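Predicted, not measured: the structure shown is a model, and the values here were computed from it.
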Amino acid sequence: MSDVLRDDSLLDEGLVTLTLSSPGKLNAISVAMWLALRTHLHTLDDDARVRAIVIRGAQGNFAAGADIEEFPVERGSYDALRRYHGEIIGPTLDALARCRHPSVALIEGVCVGGGLEIAAHCDLRVAAQGARFGVPINKLGFPMAPGELRGVLALAGRATTFEILLEGRVFGAAEAKEKGLLTRVVEDEAVEEAGYTCARRVAAGAPLAAQLNKWLIARLAPAVPPLSEAEWQMAFSYWNSHDHREGVAAFLDKRAPDFRGR
């Protein structure tokens, strides 16, 4: 069963761990997981005992993106598509970015699509050398949604975001570090220790200073005006295209897609 598991065993050190878990699916993120993650973040935001949040995946992977098996239902119409990205994924990533407590992504294995979006919205990212990154949704026939793109763009910048999305290539941790996507890369067997060492350093600092640093960095970043309704409609104008339907169907059928540009 897919879920986001909360572990308070290190709460006496100010640390809480949230683990993305979807056995047999490389922790592909279901709607229930997106909502559970948001609920945990809202709860933790109000907990003064917390000084740092570690987000990781179960079974040796971070997350293999959204659960595409849910797409025919959860993204089966324009209204459903708007709700899926605008009311489920976008607000969850926003809750992660806005949470007053610093967050550390501890990354092993696969970290692509929605997994990379979650990592990008964390404050720090510690990865194993063997971890893999990318956003190969061009092979599914649709772009990254506005609420998801904002965090990746802010972290990676225009040039790298163009490369990630237009090529749809999956790449290693060393390259991800070069692109500015990661805080540090360590040996595979050392990643858990390195991730928690990073979180402990954060927790050892003054909580109010960390919270104010998060607020000030967000406040001093370039402001982006909200999208108009017409812009939202443009962002999701692909919803009934051949390429969108074909990309999802081909993935589920485990075959190469036949894209036609319409």
Within-4.5 Å side-chain heavy-atom neighbours: [X] and [Y]:
X	Y	value
V31	Y84	yes
L20	I118	yes
F62	L116	no
D7	L5	no
L124	V202	yes
V112	L26	no
Y196	L106	yes
D45	H42	no

> Run the side-chain contact (heavy atoms from CB on, under 4.5 Å) check on E74 and S30 step by step: do they pass?
Replying inline: CA-CA 10 Å; E74 297 294 343; S30 65; over 6 Å; no
Straight-line distance of [X] [atom1] to [Y] [atom2], nearest 0.5 Å:
X	Y	atom1	atom2	result
Q129	E108	CD	CD	13.0 Å
K177	T183	NZ	OG1	8.0 Å
L165	L153	CG	CG	9.0 Å
L81	H244	CG	NE2	6.0 Å
T39	L37	OG1	CG	8.5 Å
F171	L181	CZ	CG	5.5 Å

Consider only side-chain heavy atoms of I, L, V, M, F, W and Y, link residues closer than 4.5 Å, and tell whether [X] and [Y] are in one cluster.
X	Y	result
L155	V126	no
L44	L35	yes
I88	I137	yes
F142	V170	no
L11	L18	yes

More than 12 foreign heavy atoms under 6.0 Å from [atom1] of [X]: is that the case here?
X	atom1	value
Y238	OH	yes
R255	CZ	yes
R100	CZ	yes
E193	CD	no

> Quick one: do the S2 and S22 side chains pair a donor with an acceptor below 3.5 Å?
Replying inline: no
> Going by atom types only, do Y78 and R82 share a side-chain donor-acceptor pair under 3.5 Å?
Replying inline: yes
>> Under the criterion salt bridge (Lys or Arg N to Asp or Glu O under 4.0 Å), I'd like the reasoning laid out for E175 against R169: C-alpha separation, chi angles, the key distance, then a yes or no.
In response: CA-CA 12 Å; E175 184 175 348; R169 184 169 55 88; 2.7 Å; yes
Can [X] and [Y] be counted as an ion pair, charged N to O under 4.0 angstrom?
X	Y	value
R260	E246	no
E163	K179	yes
K25	E69	yes

>> Set out, in order, the CA-CA distance, both residues' side-chain angles and the distance that settles salt bridge (Lys or Arg N to Asp or Glu O under 4.0 Å) for E192 and R56, then state yes or no.
In response: CA-CA 9 Å; E192 181 168 356; R56 64 185 306 184; 3.4 Å; yes
Determine yes or no for a side-chain-to-main-chain donor-acceptor pair under 3.5 angstrom, with [X] supplying the side chain and [Y] the backbone.
X	Y	result
E231	S228	yes
T92	W34	yes
N27	G57	no
N61	A63	no
R75	P72	no

> Checking side-chain contact (heavy atoms from CB on, under 4.5 Å) for the pair V104/I55: CA distance, chi angles, key distance, verdict?
Replying inline: CA-CA 6 Å; V104 178; I55 299 183; over 6 Å; no
>> I107 vs L182, test: side-chain contact (heavy atoms from CB on, under 4.5 Å). Steps then yes/no.
In response: CA-CA 10 Å; I107 305 168; L182 299 175; 4.0 Å; yes
Indicate the atoms forming the closest heavy-atom contact of [X] with [Y], along with that distance.
X	Y	result
A210	P102	CB-CG, 3.8 Å
V152	M144	CG2-SD, 4.1 Å
A173	A128	CB-O, 3.3 Å
K214	L96	NZ-O, 4.0 Å
S103	D123	N-OD2, 2.9 Å
G205	R51	O-NH1, 3.6 Å

>> Walk me through whether F236 and H85 qualify under ring pair (Phe, Tyr, Trp, His ring centres under 6.0 Å).
In response: CA-CA 10 Å; F236 293 117; H85 290 286; 5.7 Å; yes
> What residues form a salt bridge (Lys or Arg N to Asp or Glu O under 4.0 Å) with R38, not counting sequence neighbours?
Replying inline: none
>> Checking D243 now: which residues fulfil salt bridge (Lys or Arg N to Asp or Glu O under 4.0 Å) with it, not counting sequence neighbours?
In response: none
>> Which residues pass the side-chain hydrogen bond (donor to acceptor under 3.5 Å, both in side chains) test with N240, not counting sequence neighbours?
In response: R245
> Between V50 and L15, does a side-chain contact (heavy atoms from CB on, under 4.5 Å) hold up when you go through it step by step?
Replying inline: CA-CA 6 Å; V50 180; L15 304 181; over 6 Å; no
